[in-house]
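Per chain, numbering begins at 1; letters A, B, ... match sequence-line order. Please read these numbers as outputs of a predicted model, since none were measured by experiment.
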Protein chains: 2
Amino acid sequence: MSDPTSSELPNTAEAGQLSYAIFQLARAHRAHAAAMLRAMNLHPGQELLLMQLFDHDGRTQAELLERAGLDHSTVSKSLRRMQEAGLLTREPASHDRRVMVVHLTNAGRALQEPIADMWRTLEQVSVSNLTPDQIQAFTTCARIIEKSVRDHSRQSPGE
Amino acid sequence: MSDPTSSELPNTAEAGQLSYAIFQLARAHRAHAAAMLRAMNLHPGQELLLMQLFDHDGRTQAELLERAGLDHSTVSKSLRRMQEAGLLTREPASHDRRVMVVHLTNAGRALQEPIADMWRTLEQVSVSNLTPDQIQAFTTCARIIEKSVRDHSRQSPGE
DNA sequence: CGCCATTACTTGGCTAGCCACACAATCGGT
DNA sequence: ACCGATTGTGTGGCTAGCCAAGTAATGGCG
């Protein structure tokens, strides 16, 4: 059966051991999260917006997209679908009618615990074969790498 | 300007520090890769299939999708677009006419070095603020986590 | 006061990626 | 030799996500 989708490093990525590992890890991680989200009738990415609303209900669309780090159009469409699914409501703000204020419905709020459970499960599975020291070191490094990449992206976005 | 899309951990992900860090890191990482791929007229994901062909030209579609870890439909459509872009050719195998054998064109082969450069750049940026020990430890942990997640996904796909 | 730049959001168009279904070729058992 | 199961691929339909262009409301400047 030759275990499926195991990470065999292509020669072309020989010089990108760490980067390729991130790539493969993210794939597996996201697939696992997607499976759990499906069980609660959510699509990957929607949980990020909901989590921002759990933290502070009644945010504007602009606040949501900045905090989630997504494009306006992505957020606009995603919110519309979640509204149609009955998870939230969108209303123009009274003081500025361009702004759309987003509120959770009861159905939306009901997903807070399931989503928190998903993260707990994901975390538990992820760290299951690591020592506490490794967990700490890995998380720290992940944030350092993220910052490095982000900073570099800002300097030379084209390449 | 309150640095954009910096990883502020939502309360709902409080119990998923490491998982959320992977999530954010993958986003930044992928965005940076996507920008570089755009510069060579590629879409994210296409480089994975091309790299498999760089390693061994003339693979079948089934080999490509297993090695890249993608759905058959994704590969089918992606290959069609790359064929239309003149990067590769697809022909039915003589011994089994279900099988599609994929070959690189000169235009496709010409992308090998640019893609290798992309990985080198990505790696260089990623590790720029890490010590060699950290790089090694991080890569090792990433693979361990990937394996843990994959193994667990196989046992309980629904949750 | 009026016009223009800015801001907030929407829409259209594209690809990635998944699932589900459909189809054709091959293989296997009887 | 035939019929069913398997395998390899294609298609349709959905959402995520991006970019680019368009619309509407606000704010600022002359």
Side-chain angles (χ1 to χ4, degrees), chain A residues 1 5 23 26-39 41-50 59-66 68-85 87 90-102 153 157-158, chain B residues 1 5 23 26-39 41-50 59-66 68-85 87 90-102 153 157-158:
Chain A
M1 274 302 129
T5 68
F23 216 79
R27 260 196 185 306
H29 210 254
R30 183 143 198 78
H32 194 61
M36 288 190 286
L37 288 169
R38 263 177 68 87
N41 283 313
L42 281 181
H43 295 275
Q46 296 187 340
E47 85 281 11
L48 297 176
L49 295 172
L50 289 176
R59 279 200 214 274
T60 69
Q61 200 159 312
E63 287 172 332
L64 289 174
L65 72 90
E66 178 175 357
L70 296 171
D71 191 81
H72 342 231
S73 59
T74 301
V75 173
S76 178
K77 292 166 185 169
S78 189
L79 287 179
R80 181 173 52 74
R81 292 188 191 106
M82 285 194 280
Q83 181 179 23
E84 289 168 358
L87 301 179
R90 287 187 299 168
E91 288 177 295
S94 53
H95 55 86
D96 186 340
R97 292 188 316 193
R98 293 171 302 180
V99 176
M100 291 296 271
V101 180
V102 184
S153 287
Chain B
M1 272 303 126
T5 67
F23 216 78
R27 259 195 186 307
H29 210 254
R30 184 143 198 77
H32 194 61
M36 289 190 285
L37 289 169
R38 263 176 67 86
N41 283 313
L42 282 180
H43 295 275
Q46 296 187 339
E47 85 281 11
L48 298 176
L49 295 172
L50 289 176
R59 279 201 215 273
T60 69
Q61 200 159 312
E63 287 172 333
L64 289 173
L65 72 90
E66 177 175 358
L70 296 170
D71 191 80
H72 45 106
S73 61
T74 301
V75 173
S76 178
K77 292 166 187 171
S78 189
L79 286 178
R80 182 172 52 74
R81 293 189 190 106
M82 285 194 279
Q83 181 179 25
E84 289 168 358
L87 301 179
R90 286 187 299 168
E91 288 176 293
S94 53
H95 55 84
D96 186 341
R97 292 190 314 192
R98 291 171 302 182
V99 176
M100 290 296 271
V101 180
V102 184
S153 286

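- Here the side chains of Lys77(A) and Asp71(A) are not in contact, with every heavy-atom distance at 4.5 Å or above.
- Among dG12(D), dG10(D), dC19(D), the nucleotide with an atom closest to any side-chain atom of Arg38(B) is dC19(D).
- Of the options Met36(A), His29(A), His32(A), a side-chain contact (heavy atoms from CB on, under 4.5 Å) to Ser153(B) is made by His32(A) and by none of the others.
- Below the 3.5 angstrom threshold, one finds no donor paired with an acceptor across the side chain of Ser73(A) and the base of dC9(C).
- Between dG12(C), dA16(C), dC9(C), one nucleotide has an atom nearer to the side chain of Arg81(B) than all others, and that is dA16(C).
- We find that CG of Leu37(A) is positioned 16 Å from C1' of dC19(C), with the value rounded to whole Å.
- Going from atom CG of Leu79(A) over to atom CE of Met100(A) covers 9.0 Å, rounded to the nearest 0.5 Å.
- When each of dG10(D), dC18(C), dT10(C) is scored by its nearest atom to the side-chain atoms of Ser76(B), the top-ranked nucleotide is dG10(D).
- Distance check: Arg30(A) CZ to Leu37(A) CG gives 8.0 Å after rounding to the nearest 0.5 Å.
- Nearest-nucleotide positions on DNA chain C place Glu63(A) closer to the 5' end than the other of Thr74(B) and Glu63(A).
- No side-chain heavy atom of His72(A) sits under 4.5 Å from any side-chain heavy atom of Gln61(A).
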Going by atom type alone, with no hydrogens or angles, which donor-acceptor pairs under 3.5 Å involve a side-chain atom of residues 41-48 of chain A and a protein atom two or more places apart or on another chain?
residue: Gln46(A); atom: OE1; partner: His43(A); partner atom: N; Å: 3.2
residue: Glu47(A); atom: OE1; partner: Gly45(A); partner atom: N; Å: 2.8

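- The side chain of Val99(A) lies closest to dC9(C) when the candidates are dT15(C), dC9(C), dG17(D).
- Summarising the geometry of Arg27(A) relative to Leu70(B), their closest heavy-atom pair is NH2-CD2, 3.0 Å, with the distance given to 0.1 Å.
- Each of dC18(D), dG10(D), dT10(C) was ranked by its minimum atom distance to the side chain of Asp71(A); first place goes to dC18(D).
- Closest to the side chain of His72(B), out of dC18(D), dC21(C), dT10(C), is dC21(C).
- OP1 or OP2 of dG10(D) sits under 4.0 Å from a side-chain N or O of Arg90(B).
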Could you list all N or O pairs between the protein and nucleotides 23-27 of chain C that sit under 3.5 Å apart?
residue: dA25(C); atom: N3; partner: Arg98(B); partner atom: NH1; Å: 3.2
residue: dT26(C); atom: OP1; partner: Arg97(B); partner atom: N; Å: 3.4

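- When each of dG17(D), dT15(C), dC9(C) is scored by its nearest atom to the side-chain atoms of Gln46(B), the top-ranked nucleotide is dT15(C).
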